[in-house]
Amino acid sequence: MTAYIIRRLLYAIPILIGVNLITFLLFFVVNSPDDMARMHLGMKRVTPEAIETWKRERGYHRPLFLNRDANGAETLTDTIFFDKSVRLFAFDFGSSDAGRDIGYDISQRMWPSLAIAVPVLVVGLLINISLALFIVFFRATYIDIAAVVLLVAMMSISSLFYIIGGQYVLSKVFHLVPISGYDTGLAAWKFLILPVIIGVIGGVGTGTRWYRTLFIEEAGKDYVRTARAKGLSERLVLFRHVLRNALIPILTGVVVVLPLLFMGSLITESFFGIPGLGSYTIDAINNQDFAIVRAMVFLGSVLYILGLLMTDISYTLVDPRVRLS
Amino acid sequence: MPVVLITDALIFLLLVLAVGFGVYAARHAHLREPWGRVLRSRIGVAALVILGFYVVVGLLDSLHFNPRLGEKGAQGETLYSPQVLSVLDLVLTPLRERQEKTYSAPFATHLFAKETIELPNGTVVRDYPRLTYGGSHLRDPQTERLPDILLTSLRGLGWGLLLWLAVAMLIVWAFARRRGEGLRPTFDAMLAGGTAVPWRTLLLTLALLLILGAIAAELSLKYHILGTDKVGEDVLYQTLKSIRTGLVIGTLTTLIMLPAAILLGIMAGYFGGLADDIIQYLYTTLNSIPGVLLIAAAILMLQIYMANNEEAFASLVERADLRLLFLCIILGVTSWTGLCRLLRGESLKLREADYVQAATALGVGRFTVIGRHILPNVLHIVLITLVLDFSGLVLAEAVLSYINIGVDPTMNSWGNMINSARLELAREPVVWWSLAAAFLFMFTLVLFANLFADVVRDAFDPRLRGS
């Protein structure tokens, strides 16, 4: 097991190097730091001196890969590539183009993101599984057909409309909760409840439909038929046999997204003004703060790879038939 | 003078490919059979009719040209306006040109905002002024508006029914000739639902579409049936123009990523070894970059490039079009990995299949094996992915445009409509019609695309066929 994990971790390194190279190419080679500076300082009337100062302040004045003016190891280390890309491997994100410490911002902003993402995941999972079980109980009846049509319709609604509609109905018409904002500590609950509700409702269509498929597939298997033939009630068959076995793909599907919960939800957070990592990213995109976008790309890739690793491990934990090789 | 934008060319390339594939499918029994299943399903047929409407609007909107100017040039040559219009713009000229000052509600006769009006007797009041076009033919809007709307709808209903009757007659006639029966028994069979292809569903959906369309057309000549937006543009016009954007994103993205996904997926699965390792590494790496961030980074770079090379673009439309194409490409880069992995798995399985082994043993070359045995047998996966991805991409456009990394802000799209309407929700009373229009058209498209995708998947997926 340990050997397997170590091997998988080693396998992650070339992937992270690849991600790093891609982002580096995208951010520094396709467009030079001069272009970035001009973008920030205003396009046309910028003096070369202003561009030079902007670049120097942010460390973009160095050469890309090789610094021929420096000596020894510094030929490689005193470059943009080393300073801006290689350092990410040590989770040293540096400072944003606006001058703030990215690492500190991330550590502060991940909590609001988690405060939304975790409840949405847990509540959503419970509701989706219950609904799917309910539908499977009535499978091949009109309830089943109507429910599936409803689920497809719910899937077809853009997440933007869930948010706008929820904000409008709950906050503006009924004044139950504030429309947007955030508070520190436990006082934040009243700002969190609406995004969580909307997040859960927005996921019902896709989630429940997927779980229904899993349950139905499981319910068609031989051992379920045996259980029924023994005379078990439909309720027992569903809960004891179908649910338990279908939980394997459900749980492993959840494990993949667990690490990515840190990244927060871009749309939800920016609509509700929650200071999480999602809105951090959106703000960075809108302010064209490349340093933050770069850091978030790297963080996201690390978390994704972590998710894949955790999935593989969880397979072996829940299903002893799977052997690691 | 015709103007061919890059996406136009690609759309028509896609159309040619689709027609070509249709002809190919019709000649091969193993492809004809699943398509027959799609056509025999009621949901499939209804979805086809609705999607057909969207496709026709999108195609009309993809034929661009520079309109001819009224006056002649100095040497007597015809002059063309630099403005780029599409055939759809031409059809919708009454909608396009009747621009109000600012917001007005659906079917309104007065503007949404108060203005200072000078009355004929010289006094000045602040009130809601009459619209320049919407309901301007009414003398007393308060009493005349409702009867007028009803009457106009009735006329639209009549037109729609007439049109439908004509189309229905044509269908019944063509079908009767094929069956070699009279018109009457054919029609009865259709109505009773006794035909293999559910013609009754088709005719009903068509009736609904034509009647609603005709009513909307009649009404929109007199009113702004979905209101007007901030600069007074008709919202119905905007949402119809957005159809093309949605379709382009939904289809071209897949078209662009298809060659890479098919080639690499089959190569990885069939050749295995080093090729497999490299290709797997490639798609795991691309997949591990968060999609939205990759798109954001790429679009930011494009913006910088465009700002630095303004002179390279002949017109705003061309620039917006290039951005749309670029968005399709970058969405394709983030979404080809799923298909590639599926194809890899499938060709890995097919490599061991008896007929492939036999072909290899008989000395058939590797690329012939891929072309003749592997590719035709993974095509159903490609098709299912294409249809399944469509609705997700249409939805993604809205989200991306909302965070300003989607299509160009000057381009008509549902995402841009939502984005600009969002802030108006805070107004009192609420400006809801832009959102409602975008919602209605997007929801219909995505819903029927989803339903159609389900039907196609059920028809093509061999695993589901037994049940």
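Order of the sequence lines sets the chain letters (A, B, ...), proteins ahead of strands, with each chain counted from 1.
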As an exercise, state the distance from CG of B:N419 to CG of A:L160, rounded to the nearest 0.5 Å.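 Reported to 0.5 Å precision, the distance equals 8.5 Å.
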Let me confirm one number: the CG-CZ distance from B:N450 to A:R209, rounded to the nearest 0.5 Å.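 The CZ atom of A:R209 is 7.0 Å from CG of B:N450, to the nearest 0.5 Å.
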Do any of residues 258-267 of chain A have a heavy atom less than 4.5 Å from a heavy atom of chain B, and if so, which, in residue order? A:M263, A:L266, A:I267
Chain A heavy atoms under 4.5 Å from [X]: which part of the residue, side chain, backbone, both or neither?
X: B:V292; result: side chain
X: B:D454; result: side chain
X: B:I289; result: both
X: B:L286; result: side chain
X: B:I418; result: side chain

A side-chain contact here means heavy atoms from C-beta on lying under 4.5 Å apart; do [X] and [Y] qualify?
X: B:N404; Y: A:I285; answer: no
X: B:L435; Y: A:I164; answer: yes
X: A:S159; Y: B:L395; answer: no
X: B:Y281; Y: A:P14; answer: yes
X: A:S156; Y: B:S391; answer: no

What residues form a salt bridge (Lys or Arg N to Asp or Glu O under 4.0 Å) with B:D408, not counting sequence neighbours?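 Scan of B:D408 (salt bridge (Lys or Arg N to Asp or Glu O under 4.0 Å), adjacent residues dropped) gives none.
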Do you know the tightest heavy-atom contact between [X] and [Y]?
X: B:T285; Y: A:V19; value: CG2-N, 3.5 Å
X: A:I157; Y: B:F439; value: CG2-CE1, 3.8 Å
X: A:S158; Y: B:M442; value: CB-CE, 3.3 Å

Pick from A:V297, A:L308, A:V293: which one has the most heavy-atom pairs with chain B under 4.5 Å?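 That would be A:V297.
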Tell me every residue that passes side chain to side chain contact (heavy atoms under 4.5 Å, CB included) with A:V242, counting only those two or more places apart in sequence or in another chain.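 A:F215, A:E218, A:A219, A:V224, A:V237, A:L238.
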More than 12 foreign heavy atoms under 6.0 Å from CZ of B:R42: is that the case here?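 No, the 6.0 Å shell around CZ holds no more than 12 heavy atoms from other groups.
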Look only at the side chain of A:S301 and the backbone of B:S288, and say whether a donor-acceptor pair between them is shorter than 3.5 Å.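 Confirmed, A:S301 side chain pairs with B:S288 backbone.
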Going by the rule ring-ring contact (aromatic ring centres under 6.0 Å, His included), which residues pair with A:F271 if we only count those two or more places apart in sequence or in a different chain? B:Y402
